[in-house]
Amino acid sequence: MLTATAINLTFGEVMQDLVSFLNDNPEETLIVSVKQDRGIMRRSFFTAFYKKYIENNEDKWFLKNENPTVGQCRGKMVLMRRCRRQRRFLCDENCGLDFSFWPDQGGKTKTGTEKFIMSVDKSATEPFVLETEVQDRYGLNCKKKWHECAKPFLESCRTSESKICLHFISTSYRNKGETLVETAKEMNSYFGEYELRKDSAQGWFFLDFPTKELCEKIIKSNSEIHKGNEK
């Protein structure tokens with residue numbers, strides 16, 4: 001996962017690459033996480049982002065606040081909104097998956113996950129609640145992050161139609177003189193040795209500088225689960 005600010009790109013430039021990828025690979029989908037880390041436009045940030053990058057391009061996005069199926073979002077960018085919206089401008093049908101209540105998980109001691117409710121469909125006969133559980137302890141060193149945080153959550157998590165689990169196999173912690181690439185390599189080596197479940201999905205994975213082998217590992221796991229469900 002490489003942020004646009006890390007290499008001085010604008011989101012417009014990044015979006016061109018995303019759209020180009022989907023045009024070349026219409027069976028694929030992309031998760032696009034959007035949030036504001038700094039600046040003075042906190043109340044109006046998402047409105048401005050929507051008008052510039054989504055308005056008149058809605059066909060390129062999956063914008064509902066619901067757990068999407070692959071069939072619903074092939075060839076689209078799934079909006080993962082980690083910022084608040086202005087109620088007078090948008091509704092749950094066009095402002096993406098609502099991760100705006102995501103608690104910050106910084107710090108060097110806590111290892112637990114965070115749970116929060118994303119939406120309640122009040123129009124349904126039986127109101128539908130979408131829950132999320134997130135592991136994003138980005139302040140931990142690699143060893144502690146994997147053994148006390150990432151691995152336990154991978155082993156205990158259970159996803160469903162009404163629950164999304166997010167696994168951040170990454171950390172911003174660095175030892176003196178260490179680069180983020182080196183940190184990512186250590187975290188990715190732990191993940192590479194871990195055997196993903198074959199009976200049920202474990203959620204969404206976020207990795208820094210993933211290798212082709214790690215991507216294929218995740219894809220293979222999904223394929224095996226799909227085959228198992230067909231039996």
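No experiment lies behind these values; they were computed from the predicted model shown.
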Worksheet item: Minimum heavy-atom separation for Ser33 to Arg82, with atom names?
Response: OG-CD, 3.4 Å
Item to complete: Measure from the side-chain N and O atoms of Arg197 to the backbone N and O of Asp199, and report whether any donor-acceptor pair falls under 3.5 Å.
Response: no
Worksheet item: Mind checking whether Val134 and Phe116 have side chains closer than 4.5 Å, heavy atoms only?
Response: yes
Identify all side-chain donor-acceptor contacts of residues 140-154 below 3.5 Å with residues at least two apart in sequence or on another chain.
residue : atom : partner : partner atom : Å
Asn141  : OD1  : Lys143  : N            : 3.2
Asn141  : OD1  : Lys144  : N            : 2.9
Lys144  : NZ   : Glu148  : OE1          : 2.9
Lys145  : NZ   : Gln135  : OE1          : 3.3
Lys145  : NZ   : Phe168  : O            : 3.0
Lys145  : NZ   : Ser170  : O            : 2.3
Lys151  : NZ   : Glu155  : OE2          : 2.8

Practice prompt. Return the minimal non-hydrogen interatomic distance between Leu130 and Lys163, and the atom names on each side.
Written response: CD1-N, 4.1 Å
Worksheet item: Would Thr183 and Glu186 count as having a side-chain donor-acceptor pair, cut-off 3.5 Å?
Response: no
Worksheet item: Taking the six-membered ring of Phe205, is NZ or CZ of Lys217 closer than 6.0 Å to its centre and within 45° of its axis?
Response: no
Item to complete: Can you see which heavy atom on Leu97 is nearest to which on Asn65, and at what distance?
Response: CA-OD1, 3.4 Å
Worksheet item: Phe46 vs Phe49 aromatic rings, parallel, tilted or perpendicular, using cut-offs 30° and 60°?
Response: parallel
Discussion item. Please check this pair: side chain of Thr10 against backbone of Glu13, looking for a donor-acceptor N/O pair closer than 3.5 Å.
Written reply: yes
Worksheet item: Should the pair Arg84 and Phe101 be classed as cation-pi, given the thresholds of under 6.0 Å to the six-membered ring centre and 45° from the axis?
Response: yes
Discussion item. Which heavy atom of Thr29 sits nearest to which heavy atom of Lys76, and what is that distance?
Written reply: OG1-O, 2.9 Å
Worksheet item: Is a side-chain N or O of Asp136 found less than 3.5 angstrom from the main chain of Thr171, in a donor-acceptor match?
Response: no
Worksheet, complete the sentence: Thr113 meets the side-chain hydrogen bond (donor to acceptor under 3.5 Å, both in side chains) criterion, sequence neighbours left out, with Glu133
Which side-chain N or O atoms in residues 68-75 pair as donor and acceptor under 3.5 Å with protein atoms at least two apart or in another chain?
residue : atom : partner : partner atom : Å
Thr69   : OG1  : Gln72   : N            : 3.2
Thr69   : OG1  : Gln72   : OE1          : 3.4
Gln72   : OE1  : Thr69   : N            : 2.9
Gln72   : NE2  : Glu66   : OE2          : 3.1
Arg74   : NH1  : Glu27   : O            : 2.8

Practice prompt. Would you please indicate if the ring centroids of Phe11 and Tyr53 are separated by under 6.0 Å?
Written response: yes
Fill in: Nearest non-hydrogen partners of Asn188 and Ile169, listed with the distance
OD1-O, 4.0 Å
Worksheet item: Is the backbone of Gly112 close enough, under 3.5 Å, to the side chain of Arg137 for a donor and an acceptor to pair up by distance?
Response: yes
